[in-house]
Protein chains: 2
Amino acid sequence: MSTSKPFHHGDLRKELVSVAREVIETDGIDALSLRGVARQAGVSTAAPYRHFDSKEKLLAEVARQGFEDLHDALDRGGQSPDPFQSLLDQSMAYLGFAMANPRLYRLMFASHIDKTKHPDLMEAGERTFAVLQARFDPATDPHAAARAIGCWGLVHGLASLAIDNQLDAHVQTDGGPHMRAILEPLVRALMAH
Amino acid sequence: MSTSKPFHHGDLRKELVSVAREVIETDGIDALSLRGVARQAGVSTAAPYRHFDSKEKLLAEVARQGFEDLHDALDRGGQSPDPFQSLLDQSMAYLGFAMANPRLYRLMFASHIDKTKHPDLMEAGERTFAVLQARFDPATDPHAAARAIGCWGLVHGLASLAIDNQLDAHVQTDGGPHMRAILEPLVRALMAH
DNA sequence: TTTTGAAGTTGACATTGCTAACATTTGCCT
DNA sequence: AGGCAAATGTTAGCAATGTCAACTTCAAAA
């Protein structure tokens, strides 16, 4: 009675998300099956359905948490008093997060998940973008919106390419300084009025 | 005996790729099954395996053709005599291709396909990037490499965001002019020495 | 004409997402 | 305390999928 597992898990929902995230980051999304997650969590095949309507819902929750973590990383990144330096740091923080959690980052923008079906996820994504958006003030800059999108596109693109190992070996391995050199002139252009 | 299908298909390989591409662009990658493709091509379940070792190989071939098409689109896009205008046009051509073939474009950068396992695909991708790279001359610009990566990251990022409907409705629907406005200052920065 | 190899077929296996029907536990209501 | 409903698990099973092995058909070289 003592060593045998209790019927109820305790907090299966949280455990499922945690296991899923781990599997994704370890073996990739294609290697993730709901049954496998259940197995690793020590519950039966159908148990996850008490907490998530579908596999997609579970993935959406993992992605949502990813956006929250990215959001935090951005907040921590943009604290320099110099606006240019701050935006550059923030951009580097964005890339740092993506390269530290490549498969999670990919999931956050993956086609598996139709964001319109997962309002939580969509909102988390928008809130994250808002951090970048806040660096451009529409009151003083008529092109604030365009610049913000350009900035997001730039970091998202570089992150995606880096994750896919599509970049030169130099940039890939020693991401930091090289990436900074790539970003600098573009971020400067974004801050110019 | 005349109307019954012949045992041999003729050029099943080409047909499979064609059907697959159509399914992808119509219903998305997740809706594509090898069995379904075989069905639509009018052959049996196992027939595709005479031409592709796995589903992934078929997808890789579709993606490879996608890169060739993108390559062509870029070539056609960059013909203005003014270097700045030319690069801007080319960037717009890149975005145009991505938004005209959203799911194909996504496949080309999807995690489903491990590019190291498909040299053809990798090479096609590199050749495409080379078109952009050629706009920056290492002889006259010591930062040519960094600028090229920045340029690619920028257009790839904007393309991805647009495809995922992650952008404002305005930018989304009336892509052209808005995107141009976003790109302009950044492309200008890329051309500045 | 024979024969050989490419191209296609059928049938099967393990795995997967998901559902239905049933079992156990928890905690609330009296 | 006692009992009951809701929440949380379990087992069994379905249909679909990727892939493989064994067999058949056809075309073209010998």
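A note on names: the letters A, B, ... follow the listed sequences, proteins ahead of strands, and every chain is numbered from 1. Since the structure is predicted, the reported quantities are computational estimates derived from the model, not experimental observations.
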(request) Send over the distance from A/L16 CG to D/dG9 C1', rounded to a whole Å. (result) 12 Å

(request) Starting at atom CG of B/L32, determine the distance to atom P of D/dA16, rounded to an integer number of angstrom. (result) 16 Å

(request) Could you work out which one of C/dT10, D/dT11, C/dT19 sits closest to the side chain of A/S44? (result) D/dT11

(request) For salt bridge (Lys or Arg N to Asp or Glu O under 4.0 Å), just list the numbers for B/D69 and B/R21, CA-CA rounded to whole Å, side-chain angles, deciding distance to a tenth of an Å, and then say yes or no. (result) CA-CA 13 Å; B/D69 290 358; B/R21 178 162 175 170; 2.9 Å; yes

(request) Check every atom of C/dG8, C/dC18, C/dC22 against the side chain of A/S54 and return the nucleotide holding the closest atom. (result) C/dC18

(message) Just the rounded figure in Å: distance from P of C/dT15 to CG of A/L34.
(response) 16 Å

(request) Check whether the side chains of B/S33 and B/R39 place a donor and an acceptor atom closer than 3.5 Å, and report yes or no. (result) no

Detail all sub-3.5 Å separations between protein N/O atoms and N/O atoms belonging to nucleotides 12-15 of chain D.
none

(request) Figure out the NE2/P separation between A/H112 and C/dG17, and round it to whole Å. (result) 12 Å

(message) Between C1' on D/dG18 and CG on B/D30, what's the gap in Å once rounded to a whole number?
(response) 15 Å

(request) Using a strict 4.0 Å threshold on nitrogen-to-oxygen distance, state whether B/K57 and B/E61 make a salt bridge. (result) no

(message) Among residues at least two apart in sequence or on other chains, which ones pass ring pair (Phe, Tyr, Trp, His ring centres under 6.0 Å) with A/Y49?
(response) none

(request) Would you kindly give the CD-to-C1' distance between B/E56 and D/dT17, to the nearest whole Å? (result) 16 Å

(message) From the set D/dT10, D/dG18, C/dG17, return the single nucleotide nearest to any side-chain atom of A/A47.
(response) D/dT10

(request) Rounded to the nearest angstrom, tell me the gap between atom CZ in A/F52 and atom C1' in D/dT8. (result) 14 Å

(request) Please state whether the phosphate of D/dG9, meaning OP1 or OP2, lies under 4.0 angstrom from any side-chain nitrogen or oxygen of A/H51. (result) yes

(message) With a 4.5 Å cut-off on side-chain heavy atoms, are B/V17 and B/F52 touching?
(response) yes

(request) Taking only the side-chain nitrogens and oxygens of A/R39, find out if one of them lies under 4.0 Å from OP1 or OP2 of C/dT16. (result) yes

(request) With the side chain counted from C-beta on, respond yes when A/R50 and A/L12 share a heavy-atom pair under 4.5 Å apart, and no when they do not. (result) no

(message) Rounded to whole Å, please give me the gap between NZ in B/K57 and P in D/dG18.
(response) 17 Å

(request) Considering only NZ, NE, NH1 and NH2 on the basic side and carboxylate oxygens on the acidic side, decide whether B/E184 and B/R180 come within less than 4.0 Å. (result) no

